[in-house]
Student: 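Shown below is the structure under consideration.
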Amino acid sequence: MKNVLRAQDKNDAMSDNETTLTTTTPGNFIRHIIDDDIAANKNNGKVVTRFPPEPNGYLHIGHAKSICLNFGIAEDYNGTCNLRFDDTNPHKENAEFVQSIQDDVRWLGYDWGKQHFFASDYFEQLYDFAVQLIEKGQAYVCDLNAEEMREYRGTLTEPGKDSPYRNRSVEENRELFAKMRAGEFADGSKVLRAKIDMASPNINLRDPTIYRIRHGVVHHQTGESWCIYPMYDYTHCLSDSLEGITHSLCTLEFADHRPLYDWFLDTLEAPCHPQQIEFSRLSLQYTITSKRKLTSLVEDGHVEGWDDPRMPTIAGMRRRGYPAAAIRDFCVRIGVTKSDNTVEMGVLENCVRENLNEHAPRRMAVLNPLRVIITNYPEGQVEQLTVANHPQNETMGTREIPMSREIVIDQDDFLEVAPNKKFKRLVHGGEVRLRNGYVIRCDEMIKNEQGDIIELRCSYDPATLGASPEGRKVKGVIHWVSAAHGISAEVRLYDRLFNHPAPDAAKDGLDYTAHLNPGSVLTLTRCVLEPTLDEAEEGEYFQFEREGYFCKDQIVTADNSPVFNRTVTLRDSWAKIEKQAAQAG
Ligand code: ATP
Ligand code: MG
């Protein structure tokens, strides 16, 4: 696989000819440009960046890359980063998206201070700039409809044709544009276009539309004050200039728009001329980062909302239990380059795993309980066992867990007979250590009428608490919870949302929804958690020993039991599956 950042390369950032990165000094080609600009005292040595989302959806992991880049550069160069909503498309945008974007950027750990703007703050100034263009003879009102406009535009190999309206006088254009603003024309009947060059080899320069008419939409910021709205390319460069942005960082698809960005700023008397620099978008295997497609996953009910823990949105990842620091770490590791590349999901999951391995307190939770009676344990006795919260980090302290005559273990930890020598768990007649507790032996199995094992009768050895006396070998260790003390919970085991590495670029001709993973969530409703988890707060994460990392969800079940989301497994099971698949074929 070419151009894929693999999980095992996790400490090497992607590199191309221009950049080589390490996690400690995240230099990259953009930072090199900025270093040179500062050395040359360009912009008086100042650095001002911006993150410019359109509030037409929730932010996703690709946006995280842009956020970390823009805010990270501002932090490191003692500059500022503006949060600017690019809100020129009112029919797709709304206040919920504005709020979620702010929440997500903040949660990721960044602060825009007072630098909070909307492109719509500049609508009046943008209008004045358009009048300026008209007066310079560099913009005209055009009556071609959308279809005619396409015909006149030409193709990549053929030049376009001049619009019959291109030579309207300055006076006529000024008047018509004022009437457009006053609401005298219907949607689509007229647009304002920049007058550049219909024969330009760059289609973006073939008299692009800069204003269009939109009646009957209520803009989330400006209400109904406007019925004409400026286009993105026109708005973006001028907003950058009005805010005194020094380096305008955007994704590669805007490289062809850069001549237009520069044309507007060179033609108009704009306050300053920021430098546009393009970098590659993040694409992540097994997921999609197209806002349009993410919107349809939500609207068509393939997921339960924008913050569904399977979604690659920041809100989804937060709810899933990904720590913000792990996402920031991921953004550093993947680096910033000019070549398009795809990153393995395992890289992101490893960042999460490493972070949680270090920071998540350990707990015991039985996901598929099997009742175990310890026949020689005194009836009514309860012992409080003191256990460490983290095996390597003493500062995380200890907690007490109750031990009693009746416990639960996981069904997967018992088999009537061992299938092979590798099976180190409990078997009929065999012994196993209860994690942090005693060694037990299985003396008897109780089966129901169908022959399923529904209960075990075991005996324990009181001399084995914590450690075994010399000469006594018990290899297996399993987790458990005291049945009477455990709390019941629902646990959701999440897996990847898609089962194809490139769901929206599969060569099988199928739509991305055909690649949704039908097993992306498995809900377990009979789980038993150790009692300390009763105090867990929403968003708090833990390692459930031997099971994975889990995070307390915002919702509770109908009978008020907590819900925990599996954030990530303990090991990368997909790497193994992919290796097997590669070997097989
Ligand atoms: P849209 O099609 O709605 O414009 P978009 O993905 O460009 O979608 P924006 O809200 O305009 O969404 O993006 C805000 C910023 O985030 C832009 O600067 C954009 O370049 C950047 N960005 C978006 N997607 C990615 C990605 N996958 N990788 C890196 N940066 C991204
Ligand atoms: Mg965009």
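Just follow the structure's listing: the first ligand is 1, and inside any ligand the first atom is 1. On a predicted model such as this, the values are computed, not experimentally measured, just so you know.
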Student: Quick check: do Leu297 and Ile288 have side-chain heavy atoms less than 4.5 Å from each other?
Tutor: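 They are in contact (side-chain heavy atoms under 4.5 Å apart), so the answer is yes.
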Student: For His515, which residues count as a ring-ring contact (aromatic ring centres under 6.0 Å, His included) partner, sequence neighbours excluded?
Tutor: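 With sequence neighbours excluded, His515 shows a ring-ring contact (aromatic ring centres under 6.0 Å, His included) to His500, given in chain and number order.
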Student: Given side chains that start at C-beta, do those of Phe85 and Pro53 come closer than 4.5 Å, heavy atoms only?
Tutor: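 Result yes, sub-4.5 Å side-chain heavy-atom pair found.
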Student: Looking at side-chain heavy atoms only, is the closest gap between Asp262 and Pro259 below 4.5 Å?
Tutor: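 When only atoms from C-beta onward are counted, Pro259 and Asp262 do not touch, as no gap falls below 4.5 Å.
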Student: What part of Asp86 sits under 4.0 Å from ligand 1 if we count only heavy atoms: the side chain, the backbone, both or neither?
Tutor: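 No part of Asp86 comes within reach of ligand 1.
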Student: Flag this pair as yes if the NZ/CZ of Arg181 is under 6.0 angstrom from the six-membered ring centre of Tyr127 and inside a 45 degree cone about the axis; otherwise no.
Tutor: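 Geometry flag: set, cation within 6.0 Å and 45°.
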Student: Report, in ascending order of atom number, the atoms of ligand 1 lying under 4.0 Å from any heavy atom of Pro53.
Tutor: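 Within the 4.0 Å cut-off of Pro53, ligand 1 contributes 10 (O), 14 (C).
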Student: For ligand 1, which is the ligand I care about here, please tell me if Cys250 has any N or O atom under 3.5 Å from one of the ligand's N or O atoms.
Tutor: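 Between Cys250 and ligand 1, no N or O pair is found under 3.5 Å apart.
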Student: Does the structure place the NZ or CZ of Arg496 under 6.0 Å from the centre of the six-membered ring of Tyr286, at an angle of no more than 45° from the ring's axis?
Tutor: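 Cation-pi check for Arg496 and Tyr286: passes.
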Student: For ligand 1, which part of Ser283 has a heavy atom less than 4.0 Å away: the side chain, the backbone, both, or neither?
Tutor: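 Near ligand 1, Ser283 shows nothing, with every heavy atom at 4.0 Å or more.
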Student: Does any N or O of ligand 1 fall below 3.5 Å from an N or O anywhere on Asn56, backbone included?
Tutor: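 Yes, Asn56 has an N/O under 3.5 Å of an N/O on ligand 1.
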Student: Take every heavy atom of Arg292, measure it against each atom of ligand 1, and state whether any distance is under 4.0 Å.
Tutor: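 Contact check Arg292 vs ligand 1: negative.
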Student: I want to know whether His32 and Phe29 have ring centres closer than 6.0 Å.
Tutor: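 They do not qualify: ring centres at least 6.0 Å apart.
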Student: Going by distance only, is there an N or O of Lys65 that falls short of 3.5 Å from an N or O of ligand 1?
Tutor: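 No, since none of the N or O atoms of Lys65 sits under 3.5 Å from an N or O of ligand 1.
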Student: Kindly indicate whether the side chain of Leu69, heavy atoms from C-beta on, has any atom under 4.5 Å from the side chain of Phe279.
Tutor: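 The answer is yes; the side chains approach within 4.5 Å.
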Student: Between the candidates Lys291, Glu253, Glu54, which shows the shortest non-hydrogen contact distance to atom 12 (O) of ligand 1?
Tutor: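 The option holding the nearest heavy atom is Lys291.
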Student: Taking 4.0 angstrom as the limit and counting only heavy atoms of Ser66, give me the atoms of ligand 1 inside it, by number and element.
Tutor: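 Checking each atom against Ser66, I get 16 (O), 21 (C), 30 (N).
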Student: Among the heavy atoms of Phe51, does any lie under 4.0 Å from an atom of ligand 1?
Tutor: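 Distance cut 4.0 Å: Phe51 passes for ligand 1.
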Student: Consider every N or O of Arg50 and every N or O of ligand 1, then say whether any pair is closer than 3.5 Å.
Tutor: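 No - when backbone and side-chain N and O of Arg50 are compared with those of ligand 1, no distance drops under 3.5 Å.
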